[in-house]
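Start at 1 and go down the list; that is how both ligands and their atoms are numbered.
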Amino acid sequence: MRTQVGIVGAGPAGLLLSHLLHLRGIDSVVLEARSREYVEQRVRAGVLEQGTVDVLNEAGVGARMSAEGLPHHGIELRYGGAGHRIPFERLVPGRAITVYGQQEVVKDLIARRLADGGKILFDVPDVVPHSLEADPYLTFQGERLDCDVIAGCDGFHGVCRPSIPDGVLSIFQRDYPFAWLGILAQVPPSAEELIYSRGDRGFALHSMRSPEISRFYLQVPPDASLDDWPDERIWAELRARLETVPGFALTEGPIISRDLSAMRSFVAEPMRYGRLYLAGDAAHIVPPTGAKGLNLAVADVRVLTEALAGLYATGSTELLDAYSATCLKRVWRAQHFSWWMTTLLHTFDTDDPYGRRLQTSHLDYVTSSEAAATTLAENYVGLPFDFGAPRD
Ligand SMILES: Cc1cc2nc3c(=O)[nH]c(=O)nc-3n(C[C@H](O)[C@H](O)[C@H](O)COP(=O)(O)OP(=O)(O)OC[C@H]3O[C@@H](n4cnc5c(N)ncnc54)[C@H](O)[C@@H]3O)c2cc1C
């Protein structure tokens with residue numbers, strides 16, 4: 001088999017890349033280790049930045065998102081017995097987030113690729129990238145796929161990043177001393193907006209996926225097991241961490257899915273080796289507190305599409321050569337924001353009274369200063385794709 005771009009991974013990065021390339025007349029094949037059912041059911045992100053929404057709409061895959069997604073114009077920071085709203089509509093006019101499950105984005109992209117005649121091969125667990133410096137190709141299940149370029153969109157545990165020779169990549173990493181227990185509950189949200197709650201028992205997040213389905217997260221020890229968390233314990237802990245302001249009561253109901261996620265910051269630089277380009281979680285991970293991972297994946301493949309379109313239109317490798325540096329500017333901004341939100345809102349084993357006072361002081365600043373609140377708001381809804389130029 002031969003294609004122009006061989007894409008490893010049918011997550012948001014790989015699927016959107018394949019679709020954007022198709023719109024530019026560039027051929028690709030997507031190889032995915034898991035089944036279609038599995039990737040369409042995998043519950044993960046749910047907060048889409050304004051720029052992500054714009055990209056999906058402009059690419060013609062936003063119809064269901066526009067109909068079913070929930071636009072949000074603020075979030076609440078809850079601590080010290082009070083809730084404080086960060087009003088996006090006032091701080092960053094015209095920009096908002098949309099709550100729409102990552103698995104719904106994945107379903108929409110798969111449906112559209114297949115309707116357009118795109119090639120996605122599911123259940124291909126044995127992909128191996130070869131000859132990354134020139135004439136690259138992928139092997140799997142006795143087949144060989146030759147391509148001009150390989151796009152490594154295979155997530156943090158994929159095969160593409162490890163196929164880069166030792167010594168090429170610089171790794172920047174931080175592991176946090178806690179994990180997130182996430183649940184989906186068949187119950188209407190208890191509030192209209194997301195609530196980020198910080199307290200002495202640890203962090204909790206109230207979120208949602210639809211008017212009927214709530215999503216909650218609890219900070220838990222890094223070695224926690226789902227067996228330690230029967231339903232009653234989860235609800236009791238959510239109540240203890242979220243019912244901390246007068247008049248707020250959690251609506252409880254059946255838990256329909258649960259998962260544990262490690263909390264990690266990670267960047268591999270550069271995001272390229274020879275003809276292999278890494279995009280999304282294959283190159284970088286952020287703790288989910290800032291809701292940036294999926295959005296960064298979208299931003300990467302937007303840049304990669306332009307660069308590949310430039311290559312095929314003019315033969316110029318200028319944009320491809322700049323791909324890693326262009327993406328990393330946004331990646332590092334999101335790294336800082338995600339780290340900052342995480343350290344602002346969680347409890348740490350190493351916390352001493354001084355550290356807790358600093359955290360409270362910082363929260364007080366964010367909730368009382370227009371400038372500080374705007375910093376949170378503009379990062380949360382997502383900076384424009386062309387951010388980074390000096391202001392004067
Ligand atoms: C609990 C949680 C909450 C989150 N919340 C948010 C949020 O609110 N907002 C946000 O923006 N982000 C969030 N994220 C992060 C977001 O889910 C990821 O950043 C996003 O999935 C990255 O997309 P991707 O396509 O790069 O990688 P993935 O979604 O990981 O996709 C990679 C694909 O490659 C496949 N694959 C792996 N190895 C191979 C192989 N060897 N061969 C072939 N295929 C392979 C995988 O099966 C997978 O389908 C959250 C993550 C978690 C865990």
Visitor: Using a cut-off of 6.0 Å, state whether more than 12 heavy atoms not belonging to Gln173 lie near its atom CD.
Guide: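 Yes.
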
Visitor: Tell me the protein heavy atom at minimum distance from atom 31 (O) of ligand 1, and give that distance in Å.
Guide: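 Looking at atom 31 (O) of ligand 1, the protein heavy atom closest to it is Gly11 CA, 3.4 Å.
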
Visitor: Could you tell me how the ring of Trp180 sits relative to the ring of Tyr217: parallel (under 30°), tilted (30 to 60°) or perpendicular (over 60°)?
Guide: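 Ring orientation, 0 to 90° scale: tilted.
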
Visitor: Is the distance between the ring centroids of Phe172 and His284 less than 6.0 Å?
Guide: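 Distance test on ring centres: not under 6.0 Å, no.
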
Visitor: Ligand 1 versus Pro125, non-hydrogen atoms closer than 4.0 Å: side chain, backbone, both, neither?
Guide: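 Neither; no heavy atom under 4.0 Å.
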
Visitor: Among Pro129, Ala10, Ser261, whose heavy atom sits nearest atom 53 (C) of ligand 1?
Guide: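 Looking at heavy atoms only, Ser261 sits closest to atom 53 (C) of ligand 1.
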
Visitor: From the options Asp154, Val298, Asp126, select the one whose nearest heavy atom is closest to atom 36 (N) of ligand 1.
Guide: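 The option holding the nearest heavy atom is Asp154.
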
Visitor: My understanding is that we take every heavy atom of each candidate and find the minimum distance to atom 14 (N) of ligand 1. Doing that for Ala45, Gly382, Ala282, Pro162, which one comes out nearest?
Guide: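 Nearest option to atom 14 (N) of ligand 1, by heavy atoms: Ala45.
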
Visitor: Among Glu32, Arg34, Lys292, whose heavy atom sits nearest atom 46 (C) of ligand 1?
Guide: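 Nearest heavy atom to atom 46 (C) of ligand 1 lies in Glu32.
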
Visitor: Which one of Leu109, Ile110, Asp116 satisfies the side chain to side chain contact (heavy atoms under 4.5 Å, CB included) criterion with Arg113?
Guide: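 So the option named by the test is Asp116.
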
Visitor: Nearest to atom 40 (C) of ligand 1 by heavy atom, Ser35, Ala279, Ala33, Gly46: which?
Guide: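 Checking each option, the heavy atom nearest atom 40 (C) of ligand 1 is found in Ala33.
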
Visitor: Aromatic rings Phe203 and Tyr196: how do their planes relate, parallel, tilted or perpendicular, breaks at 30° and 60°?
Guide: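 Ring orientation, 0 to 90° scale: tilted.
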
Visitor: Does the ring center of His206 lie less than 6.0 Å from the ring center of Phe216?
Guide: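 That pair passes the under 6.0 Å test.
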
Visitor: For atom 12 (N) of ligand 1, grab the closest protein heavy atom and report residue, atom and distance to one decimal in Å.
Guide: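 Checking every protein heavy atom, the shortest distance to atom 12 (N) of ligand 1 gives Leu294 N, 2.9 Å.
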
